[in-house]
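Positions are given from 1, in the same order as the sequence printed here.
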Amino acid sequence: RSPAQTSFTIMAARQVTIVLVCLAASVLGQISALWPQPHSMLSDIGSVSLNPSTFSFNATCQSSTILTGAFARYKQLIFNPNSCNPLSCSAMDLPSSGITTLNVCVRTPTTNLQLGVDESYSLNVTDTAAILTAPTVFGALRGLETFSQLVQCSGTPPQFSIQNTPLQVSDAPRFPWRGLLIDTARHYLPLSTILGAIDALAYNKMNTLHWHAVDAQSFPIESIALPKISQGAWQPSLVYSKDEMNQVISYGLARGVRVVIEFDTPGHAASWGVGYPALTVTDCPDYTHNINNIPLNPIADQTYDLIQPFFAEIAGIFPDQYLHFGGDEVIYGCWAQDPNIAAFVRQHSFTYDQLLNYYFQKLWSALPSWQKQPVVWQEVFLANVALPQNSVVHIWEAPTGGVTIADVVKAGHAGLVSPGWYLDHLDQTWQLMYAIDPLTNCSQGESNGCYRITKPSEVALVYGGEAAMWGEQVDQTNFEPRVWPRAAAVAERLWSAATVNDPSNALPRLLAQRCRLVRRGINAAPLQPGYC
């Protein structure tokens, strides 16, 4: 066979492949590529066109700046040539019918973003109309994301259409807390990286940014109450101002993403002591070699005189009803080596678990004035600390950590799960993350802490979970490919029905979602050989 014949054969094969793929696209359309998968979908074999020069969004009921801002963003996303499917299907006949408007009806005027806000929506697209209905603007945001994923574009210049019409989508999240933890203590993350994370959360219908702001290594937060506290930052320029914190909150609100900030105490507290040395315990010579071992001093009144005004200040900045107080990995040995703390424990006949309880009860004596509900790591629950009503226990290590989410809800507390969803563990593939269900961990058999949460009152206390991007080896240069698309697997398990759990069925949609994220400017990592 001559080179010319070989070249012709390859070109012909490629053209046949393109035609077959285009025909498949016309049959399957974008409804098969939605991420996360909606709870209910009905579709047919029609299609409608959209003209970017005439298409508009229209608020037919309640309007708000959140909704009008979303209209502008999604028009840009939908009709941006850079987000088009790179496969050219321009030879295909375009649908003769078209829609010119997406009518959006938000039934209630509330723009208060809190845990449990109604995020449900319904979307109907026919040959002549498109209607999105939602009880709240936050449900409308989720519906706009679905609508944006339904729009296909192909050819040069790009032409836009929605396949599988008429179609109906009825959707709502399975869990109300669907989050991502970011760590700005181990490495400072530029504001642009944090805002990009919020964008990606919204693209995956996740609704919570858990901001682990400080840790032993650095304290990059500005404070009026404790003006010297940011001396614990890596350097003065790597500090988040109040204006920047407000920008993160406002950016999240516009995209339906809550910002829950965490100040982990009394452990992991070395950075608190840089600006205020009296706050931390350093008289524990066997432990000071590791910066992570240094805790706050729980017996000094000055500790509470300093940190309670700080928490009051933070509570006034962050509007979410929840504030994460940490409480993990407190090194009791450091407390025990401090002569004054050891004497205090003997005087009160305390165990060190009881000393931890003493710390939190004194700290939380101001909780009513802060109007916050606490989130704590699992160690606080394990230590039998008296938790305020409506506290949330965050499980991060199970079952090896001595407690599971089943133990928490059986005790009457709400809980979150993160075991298996630690993004800093590179051996945790998206398939392993996708296999996790917050209500059961029995997929590997009936041993090793297996549980199934089925009692309705206990199911209601499982608020959801978070993927966690701890920052020891992550900064702005590799943050996005470490997080995405693995965190998208977590997003679907927290949004979609429990029966949506087959990785082989998920893979084609996740590949499409990864490319969608890349085209929207999120540097999501590839999952397998291919191209976007």
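- In this structure, CG on L77 lies 11.5 Å from CZ on R519, to the nearest 0.5 angstrom.
- Of all non-hydrogen atoms in S418 and E466, the two that sit nearest each other are OG-O, 2.8 Å.
- Looking at T146 and Y121, their side chains do bring a donor and an acceptor atom within 3.5 Å of each other.
- Using modelled atom types, no side-chain atom of T193 and backbone atom of L189 make a donor-acceptor pair closer than 3.5 Å.
- Atom CG of N204 sits about 4.5 Å away from atom CH2 of W484, to the nearest 0.5 Å.
- With no hydrogens or angles considered, no side-chain donor-acceptor pair links Y203 and Q149 at under 3.5 Å.
- Aromatic rings of W234 and H187 (six-membered ring for Trp) have centroids beyond the 6.0 Å cut-off, not under it.
- T65 has its side chain out of reach of T111: every pair of non-hydrogen atoms, C-beta onward, lies at least 4.5 Å apart.
- Between L180 and T208 there is no side-chain heavy-atom pair separated by less than 4.5 Å.
- Around CD of Q114, the count of heavy atoms belonging to other residues, nucleotides or ligands within 6.0 Å exceeds 12.
- A donor-acceptor pair shorter than 3.5 Å can be found between the side chains of S120 and D118.
- S496 places a side-chain N or O within donor-acceptor distance of the main-chain N or O of Q37, the cut-off being under 3.5 Å.
- Counting heavy atoms from C-beta outward, W396 and E329 have side chains that approach closer than 4.5 Å.
- Contact between R255 and L141 at its shortest, heavy atoms only, is C-CD1, 3.5 Å.
- Side-chain contact of T136 with R142: a donor-acceptor pair under 3.5 Å is absent, judged by distance alone.
- A donor and an acceptor atom, one from each side chain of Q163 and S161, are located under 3.5 Å apart.
- The backbone N or O of S40 sits nowhere less than 3.5 Å from a side-chain atom of S170 that would complete a donor-acceptor pair.
- Here the CZ atom belonging to R486 is positioned 14.0 Å from the CZ atom belonging to R514, to the nearest 0.5 angstrom.
- Contact of the L102 side chain with the L123 side chain is registered, since non-hydrogen atoms from C-beta on lie closer than 4.5 Å.
- When atom types are taken as modelled, the side chain of T110 and the backbone of N112 share a donor-acceptor pair closer than 3.5 angstrom.
- Looking only at side-chain heavy atoms (C-beta outward), L323 and V260 stay at 4.5 Å or farther from each other.
- For the pair M469 and D183, the minimum side-chain heavy-atom distance is 4.5 Å or more.
- At a cut-off of 3.5 Å, with distance as the only test, no side-chain donor of N58 or T60 sits close to an acceptor on the other residue.
- Taken to the nearest 0.5 Å, the CD1 atom of I261 stands 5.5 Å off from the CD1 atom of I314.
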E119 vs R178, salt bridge (charged side-chain N to carboxylate O under 4.0 Å, His left out): CA-CA, chis, key distance, verdict: CA-CA 12 Å; E119 297 175 88; R178 308 176 307 281; 2.8 Å; yes
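- L115 is not listed as a side-chain neighbour of D320, based on a closest heavy-atom distance of 4.5 Å or more.
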Intermediate values then yes/no, side-chain contact (heavy atoms from CB on, under 4.5 Å), L201 and N207: CA-CA 7 Å; L201 288 170; N207 68 352; over 6 Å; no
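- H324 contributes a side-chain N or O that, together with a main-chain N or O of G326, makes up a donor-acceptor pair within less than 3.5 Å.
- Residues Y434 and W421 place their aromatic rings such that the two centres sit no closer than 6.0 Å.
- In terms of heavy-atom proximity, L195 sits nearest to Y251 at O-CE2, 3.3 Å.
- Atom CD of Q513 and atom CG of L507 lie 13.0 Å apart (nearest 0.5 Å).
- Using the six-membered ring where Trp is involved, F71 and F57 have ring planes that are parallel, under 30° apart on the 30 and 60° scheme.
- Judged by distance alone, the side chain of E244 and the main-chain N or O of S241 form a donor-acceptor pair under 3.5 Å.
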From CA spacing to verdict: side-chain contact (heavy atoms from CB on, under 4.5 Å), I395, T404: CA-CA 7 Å; I395 303 296; T404 68; 5.8 Å; no
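- Residues D328 and D264 are in side-chain contact: their nearest non-hydrogen atoms beyond the backbone lie under 4.5 Å apart.
- Centroid-to-centroid, the aromatic rings of F175 and W495 stay 6.0 Å apart or farther.
- F55 and F79 have their aromatic ring centers within a separation under 6.0 angstrom.
- Across I99 and A130, no two heavy atoms sit closer than the pair CD1-CB, 3.8 Å.
- In this model, a donor atom of one side chain and an acceptor atom of the other lie less than 3.5 Å apart for T477 and D475.
- Side chains of Q473 and D424: a donor-acceptor N/O pair is absent below 3.5 angstrom, by distance only.
- Across all their heavy atoms, L527 and P485 have their closest contact at CD2-CG, 3.6 Å.
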Intermediate values then yes/no, side-chain contact (heavy atoms from CB on, under 4.5 Å), L144 and L132: CA-CA 8 Å; L144 286 168; L132 170 61; 4.0 Å; yes
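- Ring pair Y188/Y240: centre-to-centre distance below 6.0 Å.
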Derivation of the salt bridge (charged side-chain N to carboxylate O under 4.0 Å, His left out) call for R509 and E492: CA-CA 11 Å; R509 291 185 298 106; E492 179 152 284; 2.7 Å; yes
Test side-chain contact (heavy atoms from CB on, under 4.5 Å) applied to I182 and L209, step by step: CA-CA 7 Å; I182 65 168; L209 180 76; 3.9 Å; yes
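- Atom CE in M206 sits 12.0 Å away from atom CZ in R258 (nearest 0.5 Å).
- Proximity of the aromatic rings of W470 and H212 is defined here by a centroid distance below 6.0 angstrom, and this criterion is met.
- Judged by distance alone, the side chains of Q378 and H394 never bring a donor and an acceptor atom under 3.5 Å apart.
- In plain terms, the two heavy atoms of G252 and L113 that are nearest each other are O-CD2, 4.5 Å.
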Intermediate values then yes/no, salt bridge (charged side-chain N to carboxylate O under 4.0 Å, His left out), E472 and R186: CA-CA 5 Å; E472 283 87 350; R186 276 53 179 258; 3.6 Å; yes
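- Looking at S218, its side chain never comes within 3.5 Å of a backbone N or O of V214 through a donor-acceptor pair.
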Criterion salt bridge (charged side-chain N to carboxylate O under 4.0 Å, His left out) on E480 and R520, from CA distance to verdict: CA-CA 13 Å; E480 288 184 342; R520 292 181 178 187; over 6 Å; no
